[in-house]
Amino acid sequence: MKTYKIACIPGDGIGKEVIPAGQTVLEALAATQDAFRFEFTSYGWGGDWYGQHGEMMPADGLDSLRDKDAILFGSAGDPQIPDHVTLWGLRLKICQGFDQYANVRPTRILPGIDAPLKRCRPEDLDWVIVRENSEGEYAGVGGRAHQGHPIEVATDVSMMTRAGVERIMRYAFKLAQSRPRKLLTVVTKSNAQRHAMVMWDEIALQISREFPDVKWDKELVDAATARMVNRPASLDTLVATNLHADILSDLAAALAGSLGIAPTGNIDPERRYPSMFEPIHGSAFDIMGKGLANPVGTFWSCVMLLEHLGETQAARSLMAAVEQVTADPALHTGDLGGKATTVQVTDAVCGRIRGSGAGAKAA
Ligand code: IPM
Ligand code: MG
């Protein structure tokens with residue numbers, strides 16, 4: 001029997017509620033079959049750790065994650081600590097330290113979810129946003145001078161490298177090629193940003209030649225937002241820069257019904273390092289500790305984790321269980337207009353996993 005070593009980093013806010021829920025459904029799934037099991041290690045990094053140690057995670061923290069098969073991450077964000085400190089001290093430290101350069105964000109309208117667009121049928125919205133996750137606007141290049149003086153200056157420079165753009169384009173074309181419609185939209189802003197984004201476009205064209213069977217087009221990021229609302233079915237796979245995709249993925253999640261549902265994978269496609277899976281919703285301090293958080297974003301992230309490990313059948317079983325649960329409005333949490341608690345949704349998903357006999361347990 002295979003053992004997968006999973007690092008769990010609940011982080012802050014509702015991360016502490018949804019990550020244990022994710023662990024529970026993964027355990028339930030493992031119990032239905034004999035092919036694999038999980039060995040979880042939890043790390044108490046985040047805002048509380050910062051309060052005690054003055055840093056979000058230990059300086060050598062990456063070393064203890066390195067031998068894991070995957071990381072399940074909750075959220076980083078604490079009202080007591082500036083956001084850029086929590087972000088750079090934990091999540092980005094892992095993403096950039098492990099060169100998880102492809103951030104993958106699938107969006108669909110799950111069964112039972114009342115999505116806000118009037119004319120959008122569930123089958124019209126089936127997207128995957130590929131976010132460049134290692135450079136661009138999040139490269140951390142910039143600085144401040146003359147602080148506190150009237151001539152104070154500050155810059156955040158978006159930095160793109162040919163190698164960085166080539167690898168994310170290749171990843172996106174490959175992903176588009178693996179999906180039934182083989183359709184890729186390259187999101188750009190090369191009309192206004194005439195250096196890096198022009199190179200981005202040139203590299204998209206260059207890489208497209210490696211994928212003659214993929215249909216692709218280009219869309220300016222502002223126009224892309226309107227197209228997502230007005231013609232959702234015209235999109236399938238999208239690739240965009242770090243910041244553009246950050247914004248588009250929130251729009252995508254909202255159009256699919258709730259930020260509480262949306263998953264992410266921070267992927268190292270070369271598998272030199274563990275990849276990291278997380279719900280996109282953030283720490284949500286307003287509802288933390290009340291048991292109201294929607295664990296579905298974490299469960300869907302667990303589906304992506306299983307896919308990454310090559311456990312396709314288990315991934316399918318978990319997604320099917322999640323969809324059976326979202327289909328029942330009595331099992332919707334507050335973000336979906338319901339009254340269900342984190343524990344009720346988690347129990348229901350575990351019940352569906354057991355009920356379906358998700359895998360064949362040998363006698
Ligand atoms: C996301 C989040 C983060 C980001 C925040 C928490 C800094 O919005 O994962 O999309 O912008 O990358
Ligand atoms: Mg975001």
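Keep in mind it's a predicted model, so treat the numbers as computed, not measured. Numbering starts at 1 and runs along the sequence shown. Just so you know, ligand 1 is whichever comes first in the structure, and atom 1 is the first atom listed for that ligand.
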For atom 8 (O) of ligand 1, the option (of Asn266, Ile247, Asp250, Asp246) bearing the nearest heavy atom
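Going through Asn266, Ile247, Asp250, Asp246 one by one, Asp246 has the nearest heavy atom to atom 8 (O) of ligand 1.
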Could you verify whether a donor N or O on one side chain and an acceptor N or O on the other, from Glu135 and Gln96, lie under 3.5 Å apart?
no
I'd like to know if the side chain of Tyr101 pairs up with that of Arg131 as donor and acceptor (distance under 3.5 Å, no hydrogens or angles considered).
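No.
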Say whether, by atom type as modelled, one donor and one acceptor occur between the side chain of Asp12 and the main chain of Gly47 under 3.5 angstrom.
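Pair found, side chain donor or acceptor close to backbone of Gly47.
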Validation row, ring centre His84 to ring centre Trp88 under 6.0 Å:
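No, the ring of His84 stays outside the 6.0 Å limit from the ring of Trp88, centre to centre.
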Got a second to check how far Trp200's CH2 is from His244's NE2, nearest 0.5 Å?
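If I round to the nearest 0.5 Å, the distance is 9.0 Å.
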For a quick test of reading the model, state the closest non-hydrogen atom pair linking Gln344 to Leu331 and the distance between them.
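Result for this residue pair: O-CD2, 4.2 Å.
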Residue-level breakdown please: for Glu137 versus ligand 1, do any non-hydrogen atoms fall below 4.0 Å on the side chain, on the backbone, on both, or on neither?
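Neither part.
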For ligand 1, the portion of His84 having any non-hydrogen atom under 4.0 Å away:
neither
So, 2.8 Å as the limit: is an N/O/S atom of Asp246 located closer than that to the Mg ion (ligand 2)?
yes
Return the closest protein heavy atom for [atom] as residue, atom name and distance.
atom: atom 6 (C) of ligand 1; value: Leu87 CD1, 4.5 Å
atom: atom 12 (O) of ligand 1; value: Arg131 NH2, 2.8 Å
atom: atom 11 (O) of ligand 1; value: Tyr138 OH, 2.6 Å

For Asp268 and Ser275, run side chain to side chain donor-acceptor pair (under 3.5 Å): C-alpha distance rounded to whole Å, both residues' side-chain angles, the deciding distance at 0.1 Å, then the answer.
CA-CA 6 Å; Asp268 164 25; Ser275 293; 5.9 Å; no
Do any non-hydrogen protein atoms sit less than 4.0 Å from atom 1 (C) of ligand 1?
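Given the 4.0 Å limit, the answer for atom 1 (C) of ligand 1 is yes, a protein heavy atom qualifies.
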In terms of atom number and element, which parts of ligand 1 are under 4.0 angstrom from non-hydrogen atoms of Arg105?
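Those of ligand 1 that fall under 4.0 Å from Arg105 are 1 (C), 9 (O), 10 (O).
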Glu278-ligand 1 polar pair, N/O distance under 3.5 Å:
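No; every N/O pair is 3.5 Å or more apart.
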Test your reading of the structure: does Arg91 have an N or O sitting under 3.5 Å from an N or O of ligand 1?
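For ligand 1, there is an N or O atom that lies under 3.5 Å from one belonging to Arg91.
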Between Glu323 and Arg108, does at least one N-O distance fall below 4.0 Å, as a salt bridge requires?
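Result for this pair is yes, salt bridge flagged.
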